[in-house]
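Notes for the one structure printed next.
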2 protein chains.
Amino acid sequence: MLGLLSLRPQTPYEITQQVRRSLDYCWPTPERSLYDQPERLVGLGLADVVTDREGRRRYQITDAGRVALRRWLERASPMPRFHNEPLLRVLFADQGSVEDLHRVLGAVRAHVAERLELGLAQMEPYLDDDGLFQERAHVVTIVADLVSRLLGALDDWAAEVEQVSADWDTTQAVGLTPQVRAMLDRLIDDGRTRVAQHRDV
Amino acid sequence: MLGLLSLRPQTPYEITQQVRRSLDYCWPTPERSLYDQPERLVGLGLADVVTDREGRRRYQITDAGRVALRRWLERASPMPRFHNEPLLRVLFADQGSVEDLHRVLGAVRAHVAERLELGLAQMEPYLDDDGLFQERAHVVTIVADLVSRLLGALDDWAAEVEQVSADWDTTQAVGLTPQVRAMLDRLIDDGRTRVAQHRDV
DNA sequence: CGGCGCAACCGCAATTTGCAGTAATGCGAT
DNA sequence: ATCGCATTACTGCAAATTGCGGTTGCGCCG
């Protein structure tokens, strides 16, 4: 919230737009709460409110707010958490049909394609070196890069699972088919390599 | 919840353990709510409660519960949402110091290594073909595969950002350095390829 | 046998959320 | 010109969720 206000003073509605457009990629937030938060910040002295020519309340960050934002950036961050309901459905796929499994995988892939398309449209303006938003191009690019990697991982995974499960005729007690076995071996191998690499550093 | 009970009847505490151990990867849940949900399921007739020899309430799924679970698997799934606070800190990194940025990237990499190690320990038993949990090995492996891919993406990304930002001496108005530019180009290129691929199918 | 710690839970206040509603503005069709 | 309808820009409220702290009982160590 303070981060958003640090970019420019905004009305509550503009904030909701901003969040829908960009923040949702890393921090999904119910719209309702976005209308209450700015008031809370005012109460804490971290933001104040000015009325602009259209008579709209426009919140802006105060000096205390900027300090609080900097403090927040200094503090240790909680680590990412993935709310992944399609994955949950795969975990319990043995309680449903093979079609259920394939449907959810297809939905994931369609979703990835849609998100990616949307994201591309948002990033393309940055390709012009003379765009208006260039002073934040570096952070925006880095963020987009992770989003793109995560979506890519999701897509690759869904594609592989589609393949692996293509010839299943039941979801239960499939156990370790050679393909699943290969998946498991690769996964453990990759994990070990990565952990080992980390220890070296 | 129903999914967990479908595996075997469980006490509320066992459920919390189970969730901590495995479900957290796709569905992080505050412990508190796990104690209320089973009662709610009983109210809906989807679970019932038996008292075992230790005098503990043990919840088990009813037939209605299994039907509800199957219905749930048939319905369209909400798509994944990533609560990624480190990414949020990168998005607003220009309000803080270069050290703040590097600290959060380091923390992410450490976290990935830790999670991976934990996950490996959990998956290794499945390598034995004669393990006890083999009837769910296929779904568990598939789930672990996505988790591993997502963690891998996170790690690769953090490593690249560490590299790209290694010689920054400010976080503000860095704009498109050649390295960031290359990142942007690759990202857009990858995205276009993937979207095009999706249209072909 | 007293103290300590941990496993296993639950009450409660405070916050958060979804949903439904509403007022204002634009805009195309009749 | 004006009617209907969609979209923008919010807000109230009831219900659900959550964090925090507390409790009980058990085992183990000194």
Side-chain angles (χ1 to χ4, degrees), chain A residues 1-2 4-5 8-24 26-44 46-60 68 72 75-85 88 118, chain B residues 1-2 4-5 8-24 26-60 68 72 75-85 88:
Chain A
M1 189 71 240
L2 281 173
L4 282 176
L5 295 182
R8 83 190 77 90
Q10 314 213 46
T11 70
Y13 186 69
E14 280 167 356
I15 292 166
T16 63
Q17 301 309 90
Q18 190 88 353
V19 167
R20 281 284 84 70
R21 209 151 18 81
S22 67
L23 236 72
D24 242 19
C26 41
W27 202 252
T29 315
E31 192 185 329
R32 185 60 183 82
S33 73
L34 297 173
Y35 283 98
D36 292 338
Q37 295 300 37
E39 258 327 303
R40 226 175 49 95
L41 292 182
V42 172
L44 294 168
L46 305 178
D48 53 24
V49 64
V50 289
T51 310
D52 64 10
R53 38 233 144 288
E54 285 108 34
R56 289 237 160 72
R57 281 168 306 130
R58 192 168 282 277
Y59 291 88
Q60 59 184 211
W72 174 70
R75 282 206 305 277
S77 169
M79 288 298 111
R81 342 190 87 233
F82 302 139
H83 280 243
N84 202 333
E85 190 168 324
L88 204 55
L118 229 144
Chain B
M1 190 70 240
L2 280 174
L4 281 177
L5 296 183
R8 83 191 75 91
Q10 314 214 45
T11 70
Y13 185 69
E14 280 168 356
I15 292 167
T16 63
Q17 299 310 89
Q18 189 88 353
V19 167
R20 277 289 83 71
R21 211 153 15 81
S22 69
L23 237 71
D24 242 20
C26 40
W27 202 252
T29 315
E31 192 186 327
R32 186 60 183 82
S33 71
L34 296 174
Y35 283 98
D36 293 338
Q37 296 299 41
E39 259 326 303
R40 227 175 48 96
L41 292 182
V42 172
L44 294 166
L46 305 178
D48 53 24
V49 64
V50 288
T51 309
D52 66 8
R53 41 233 142 287
E54 285 107 36
R56 288 240 160 69
R57 280 168 308 129
R58 192 169 281 277
Y59 292 89
Q60 59 184 208
W72 174 70
R75 281 208 304 278
S77 169
M79 288 298 111
R81 342 190 86 233
F82 301 139
H83 279 244
N84 202 332
E85 190 168 324
L88 204 56

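Naming: A, B, ... by sequence-line order, numbering from 1 per chain. If you're wondering where the values come from, they're calculated on a predicted model, not measured in any experiment. Heavy atoms only: backbone and side chains are in, while hydrogens, waters and symmetry mates are out.
Relative orientation of the A:F82 and B:F82 rings is perpendicular, given thresholds of 30° and 60° on the angle between their planes.
Taking atom CE of A:M1 as the reference point, atom P of C:dT15 lies 18 Å away to the nearest angstrom. Distance OH (A:Y35) to P (C:dG21): 18 Å, rounded to an integer number of Å. Atom CD in B:E39 sits roughly 13 Å away from atom C1' in C:dC9 (whole-Å rounding). Spacing between atom CZ of B:R57 and atom C1' of C:dC9 amounts to 8 Å, rounded to whole angstrom units. Between A:Q18 atom CD and D:dT8 atom C1' there is a gap of 17 Å when expressed in whole angstrom units. The interatomic distance linking A:Q17 (CD) with D:dC10 (P) rounds to 10 Å, in whole Å. Between A:L34 atom CG and C:dG18 atom P there is a gap of 11 Å when expressed in whole angstrom units.
A search for side-chain hydrogen bond (donor to acceptor under 3.5 Å, both in side chains) contacts involving A:E31 returns nothing, not counting sequence neighbours.
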Can you check each nucleotide of nucleotides 15-25 of chain D against protein heavy atoms at under 4.0 Å and return B for base, S for sugar-phosphate only, - for none, in 5' to 3' order?
---SBB-----
A:R20 vs A:Q17, test: side chain to side chain donor-acceptor pair (under 3.5 Å). Steps then yes/no.
CA-CA 5 Å; A:R20 281 284 84 70; A:Q17 301 309 90; over 6 Å; no
Mind running side chain to side chain contact (heavy atoms under 4.5 Å, CB included) on B:Y59 and B:L41 for me, showing each step along the way?
CA-CA 9 Å; B:Y59 292 89; B:L41 292 182; over 6 Å; no
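Atom CE of A:M1 is separated from atom CD1 of A:I15 by 3.0 Å, given to the nearest 0.5 angstrom. To the nearest 0.5 Å, atoms CD (A:E14) and CZ (A:R21) are separated by 9.5 Å.
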